[in-house]
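Only a predicted model underlies this, so the values are computations on that prediction, with no experimental measurement involved.
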Amino acid sequence: MTSNRLLKALFLCPLLLLLAFAAQAQKTVTGKITDEKGNPIPGASVVVKDGKIGTTTDASGNFTLNTPSGTAAVTVSYVGYVSQDVDITSTSNISISLAPDNSSLTDVVVVGYGTARRKDLTGSVASVKEKDFNKGVITSPDQLIQGKASGVMVMNNMGQPGGSATIRIRGTSSIRSNNNPLFVIDGVPLSGGSARPGEDGGSFGSDPGNPLSFINPADIANIEILKDASATAIYGSRGANGVVIVTTKRGQSGIPQLNVTGSTGISNYLKKIEVLNTNQYRQALKDYDLQNDQSDGGASNVDAWDAITRTAVTQNYNVAVGGGNENGRYRLSVSYLDQQGIIETSELKKLTANFNSSFKFLESKKLGLDINVLVSQNNEHIAPVNSFVGFEGNVISQALQWNPTFLLYNDDGTIYNPPGTTINPLASLAYYKDKSAVNTILASISPSYKITNSLEYKFLYSVNRQVGVRKGMGDQRLNLNGIKDVGVAFINNNQMTNQQITNTLNFNKQVSSLNINAVVGHEWLIYDNAWNAENGHGFAAVPVGINYYDVLGYSQQSDRSINSYDDPTTEIQSFFARAILNYKDKYLVTGTIRADGSTKFGKNNKYGYFPSVGVAWNASNEEFLSGSNIVSNLKVRASWGETGNQEFPSGASLNRFDFGQQSISRSNFGNPDLRWETSSTADAGIDFGFFDNRLTGSVDYFYKKTTDVLFERELAQPAPSGKIWVNLPGYVLNKGLEVSLTGNVIRQKDLNWNITGNASFLKNTVQGLVGFYETGDLRGQGFSNVRGQRVTNGQPLDVWYLGKWTGIDKNTGLSTYEGGDPAANKFYLGSPNPKMLLGLSTDITYKKFSAVINMNGAFGQYLFNNTAATVLAISNLGSRNLAKTAYDVAISSGESTSDAAAPSDRFLEKGNYLKMANASLVYNVGNIGKVIKNLNISLTGQNLFVLTKYSGFDPEVNTDGAVNGIPSLGVDYIPYPSARTILLGVNFSL
């Protein structure tokens with residue numbers, strides 16, 4: 001026993017001595033890392049200087065690091081901030097505030113199927129980070145970047161909650177195909193479509209909604225916008241219109257942290273179009289000698305506009321929890337948005353949940369697994385705002401036209417139905433029901449294996465499944481032909497399933513003075529869409545209170561119909577490769593090639609090939625600029641490449657047939673020679689930073705030519721009647737200049753002030769077409785089959801082609817036009833495409849206060865005020881109301897009430913505007929006790945004002961005027977008006 005104890009003592013003594021020595025040889029350093037505003041930075045790196053030992057900060061910005069004896073300094077770093085070396089020879093506790101790196105040269109940028117250092121880029125890529133996003137009620141990612149990047153136009157088509165948007169990167173390139181950019185969410189490319197069903201004719205809401213609204217903007221960490229071919233060619237056939245890469249927030253290493261954000265606000269209409277009040281209307285009747293019982297209902301102070309609008313309330317709540325360690329990180333978030341529209345009955349309710357995780361396995365940590373799951377449900381109550389109505393109008397025009405001498409309600413409280421074809425707007429709100437629900441799941445799983453320190457294999461499988469249902473009814477009490485005394489109802493169902501399988505090999509290695517970043521891969525995409533619809537008439541005997549769409553079987557059999565359709569499955573197979581070479585941080589070359597094969601194209605042209613090359617010179621790293629006190633960064637770039645566009649119907653190259661009731665008809669003739677629409681882009685740019693990057697920016701010139709334009713046209717006689725998809729001769733040319741500037745005006749301990757601006761100067765031209773194509777449907781009283789735009793040689797896309805109004809004939813009181821009949825004598829009268837886009841932002845921080853202002857604008861475009869032309873003209877007088885400006889012009893010029901509206905430049909207006917998009921004031925309360933951390937209170941104003949001479953609701957408008965699938969731009973016809981919103985918000989961590 002004694003000998004055993006002796007042996008144990010002999011063994012333990014050296015071990016204790018070794019442990020004691022190890023304890024003396026280490027030094028424990030603790031501290032906290034914050035940003036320039038005092039907010040904690042989770043995930044910041046703290047590493048022994050010139051060593052390999054390090055750690056990261058937890059959710060509160062705190063860290064603990066055991067350093068070897070004799071360590072003199074540690075290096076603190078975080079992406080987007082200037083790294084700091086901190087002396088620890090005389091302290092074991094440090095508190096460091098990192099300053100933003102305005103040059104962002106150390107940023108890692110997502111560039112498609114991988115990442116790259118910003119300093120390695122040769123293409124035109126704009127990055128918008130969370131701190132720079134637009135503020136306010138944001139329902140989709142595109143709204144976050146409006147006005148934030150040069151060359152990028154984001155236009156909210158109307159003010160409906162969750163409404164559609166027009167997005168253009170470097171102009172419009174295609175005549176017939178979709179011109180919106182490709183959106184990629186965490187590596188998953190979206191199809192651009194949505195399962196939200198359309199309306200079923202009549203006056204139901206016609207806006208298609210935003211296909212990106214299923215994403216919760218509060219979950220987004222940053223957005224990269226790829227603009228030139230060097231950046232977008234990796235996406236080949238879908239990159240012609242630019243690529244927007246959205247990266248969602250990830251969990252950070254550290255103890256679990258709960259983040260809570262909430263806001264509530266109120267909204268009112270941004271602008272009210274002034275119509276005649278009761279006294280003015282009666283005076284107008286007197287001036288035109290139209291006083292009678294039919295024109296004057298005897299009422300006073302009736303304001304139908306105020307009756308259909310309201311002070312809308314919005315609530316938005318987000319809760320997120322995240323944490324983990326070096327072996328695994330996770331983040332789970334849940335959000336709820338309830339946004340009332342300013343038009344009574346309209347509302348958007350959105351519920352989303354997002355889970356992502358990242359794991360490392362094996363002792364070597366070479367095996368990884370990423371999992372992302374996003375689920376959402378969008379529920380809408382849609383107001384009867386339809387852009388395709390004629391004289392009967394929608395609820396907006398009905399309110400504007402309401403005769404202010406007529407009561408809105410009968411004495412017994414029921415809704416008054418006036419004689420004739422006039423519809424009470426309150427009846428539209430009460431007797432239309434229109435509901436939509438869309439459920440979405442976007443899920444992906446991505447295992448990876450690091451074969452060597454430089455080579456990694458990654459597999460990605462994703463599925464995007466959407467199911468949408470829309471139910472609508474028009475009550476038999478509605479005074480509208482086809483609905484009155486019978487009623488109408490419909491149920492539409494859509495479903496969409498998109499799948500992706502991607503395999504990639506990423507190589508990243510520093511070889512002497514050469515850094516190599518390369519990727520090769522294979523991708524397979526599958527897109528499936530299907531829909532069915534049922535509708536019926538004849539619900540006269542159904543009791544009030546029962547929804548007709550719940551009893552569709554009661555409708556008259558002869559007035560009942562069913563339809564269904566299943567799109568041909570679209571499959572895309574792709575092979576791609578990219579290499580980025582950086583030699584001595586001075587000379588850069590990027591080469592990309594992608595081959596895409598699609599089932600959309602004819603058998604003779606299944607595959608398209610899309611190459612690009614880019615070069616850059618980091619002049620600021622040359623000896624003659626090293627150590628310069630003026631030039632901090634100077635990079636010259638040039639690139640060329642080709643990208644494609646295949647955004648047209650599936651099966652367009654095949655023979656297709658429509659199945660009607662016991663009938664079959666050919667809808668499309670096949671074209672085996674149909675080719676890819678291709679855009680060739682050349683870009684030259686310069687990135688710069690001066691005075692320690694206090695002033696940074698970039699300038700780009702681009703030249704983009706789109707050929708083999710995809711188009712659907714009628715077969716020429718004597719061939720059988722029908723349509724065929726072809727490649728048009730000619731081309732569409734976009735060229736322009738982009739400028740971005742950021743100035744750090746003040747950089748002090750308690751005060752920081754930045755100003756950022758971007759401007760884009762764009763020119764669009766069509767050349768080489770045979771003939772011309774019409775679009776731009778103009779609607780309303782007297783405008784039947786009237787089109788106001790053309791696609792023709794030597795002009796921009798969708799140029800205005802209208803009569804020239806020369807004034808009012810004093811003898812007849814009728815309008816006169818150059819050349820006589822405006823329908824037979826039309827002229828090119830301007831473009832709806834902006835010649836200049838502008839974005840302005842400024843942020844200022846003083847101690848615990850910070851303020852942000854974001855503005856955007858567009859200049860040089862012309863809008864057709866279709867509302868003024870056919871809804872509020874002098875011809876209304878005697879039965880309907882009119883705009884005060886229309887009356888003022890009419891009475892001063894002697895215009896007759898029989899003067900009919902005509903498509904002319906009388907209603908063509910300059911659409912120049914500068915909008916105060918949002919402004920926010922934030923107070924950082926800080927920590928409260930030991931529970932609530934980093935409490936912030938904010939006050940935000942959205943759509944505060946617009947500087948413009950345009951007379952409509954809002955110059956930021958684009959009512960659908962497409963003809964035969966050719967999109968239009970710049971038509972303004974009784975849209976859902978824009979809202980001004982004030983929000984009070986709070987966010988904190990636990």
Side-chain angles (χ1 to χ4, degrees), residues 108-127 169-170 173 181-184 187 189 224-245 455-456 458 460 500 502-509 514-525 572-583 587-598 607-617 635-646 676-685 700 702-707:
V108 174
V109 180
V110 180
V111 290
Y113 306 101
T115 60
R117 299 177 300 180
R118 177 167 292 280
K119 64 181 180 179
D120 293 344
L121 297 181
T122 61
S124 182
V125 179
S127 297
I169 296 178
R170 293 186 165 180
S173 301
L182 171 69
F183 276 80
V184 180
E224 317 287 350
I225 305 165
L226 315 184
K227 296 188 287 186
D228 73 336
S230 175
T232 63
I234 193 72
Y235 288 102
S237 64
R238 294 161 298 151
N241 300 317
V243 181
V244 179
I245 299 179
L455 184 64
E456 183 177 32
K458 190 171 186 178
L460 173 66
Q500 168 194 10
T502 304
N503 293 274
T504 56
L505 274 174
N506 282 272
F507 181 78
N508 202 328
K509 188 175 181 63
L514 180 65
N515 182 273
I516 304 172
N517 182 327
V519 60
V520 295
H522 170 267
E523 188 167 70
W524 186 27
L525 302 170
I572 303 174
Q573 179 175 239
S574 308
F575 302 89
F576 53 88
R578 179 185 61 222
I580 303 173
L581 308 179
N582 181 334
Y583 182 65
Y587 314 109
L588 310 170
V589 178
T590 300
T592 306
I593 182 68
R594 180 168 180 134
D596 279 329
S598 173
Y607 275 86
Y609 302 91
F610 307 100
S612 78
V613 62
V615 295
W617 174 40
K635 179 198 283 187
V636 182
R637 297 177 279 103
S639 66
W640 172 90
E642 291 183 338
T643 48
N645 190 349
Q646 55 121 40
W676 297 79
E677 182 174 294
T678 303
S679 292
S680 176
T681 304
D683 185 283
D700 275 84
F702 68 90
Y703 183 96
K704 181 179 180 181
K705 185 177 181 180
T706 302
T707 56

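- Separation of the Phe576 and Phe610 ring centroids does not fall under the 6.0 Å cut-off.
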Original post:
Does the side-chain contact (heavy atoms from CB on, under 4.5 Å) test come out yes or no for Glu456 and Leu505, once each step is laid out?
Top reply: CA-CA 6 Å; Glu456 183 177 32; Leu505 274 174; over 6 Å; no
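- Taking each heavy atom of Gly644 and Ala240 in turn, the nearest pair found is O-CB, 2.9 Å.
- The distance from atom NZ of Lys635 to atom CH2 of Trp617, rounded to the nearest 0.5 Å, is 13.5 Å.
- Smallest separation of non-hydrogen atoms from Asn241 and Pro181: O-CB, 3.4 Å.
- Using a 4.5 Å heavy-atom cutoff, the side chains of Asn508 and Ile516 are not in contact.
- Leu182 CG to Ile245 CD1: the interatomic distance, rounded to the nearest 0.5 Å, is 8.5 Å.
- Donor-acceptor pairing under 3.5 Å is recorded for the side chains of Ser237 and Asp596.
- Comment: Arg238 engages Glu523 in a salt bridge, judged by a side-chain N to carboxylate O separation of less than 4.0 angstrom.
- Residue Ala577 comes nearest to Val520 through the heavy atom pair CB-CG1, 3.7 Å, listed as atom of the first residue, atom of the second, then distance.
- Donor-acceptor pairing under 3.5 Å is lacking for the side chains of Lys704 and Ser680.
- Using a 4.0 Å cut-off between charged side-chain N and carboxylate O, Asp683 and Arg170 make a salt bridge.
- The shortest side-chain heavy-atom distance between Leu121 and Val111 falls under the 4.5 Å cut-off.
- Between Thr502 and His522, the closest side-chain pair of non-hydrogen atoms is not below 4.5 Å.
- Across all their heavy atoms, Leu226 and Thr232 have their closest contact at O-CG2, 3.3 Å.
- Here the CD1-CZ distance, from Ile169 to Phe702, works out to 11.0 Å after rounding to the nearest 0.5 Å.
- How far OG1 of Thr707 is from CD of Glu642: 7.5 Å, rounded to the nearest 0.5 Å.
- Using a 4.5 Å heavy-atom threshold, the side chains of Arg578 and Thr590 count as touching.
- Between Thr122 and Ser230, the closest heavy-atom pair is OG1-OG, 3.3 Å.
- No side-chain heavy atom of Trp676 sits under 4.5 Å from any side-chain heavy atom of Tyr609.
- The pair Arg637-Asp700 meets the salt-bridge criterion, with a side-chain N (NZ, NE, NH1 or NH2) lying under 4.0 Å from an Asp/Glu carboxylate O.
- One side chain, Ser639 or Asp228, offers a donor N or O that lies under 3.5 Å from an acceptor on the other.
- Of all non-hydrogen atoms in Asn582 and Lys119, the two that sit nearest each other are ND2-O, 4.5 Å.
- The structure places CG of Leu455 at 8.5 Å from CG of Asn506, a figure rounded to the nearest 0.5 Å.
- Within the model, atoms CG of Asn515 and CD1 of Ile580 stand 9.0 Å from one another, a figure rounded to the nearest 0.5 Å.
- Within 6.0 Å of atom OH in Tyr583, 12 or fewer heavy atoms from other residues, nucleotides or ligands are found, so the atom counts as exposed in its surroundings.
- Side chains of Leu588 and Val615 form no contact here, defined as non-hydrogen atoms less than 4.5 Å apart.
- You'll find the side chain of Tyr235 reaches within 4.5 Å of the side chain of Val184, heavy atoms only.
- A heavy-atom distance below 4.5 Å is found between the side chains of Gln500 and Pro189.
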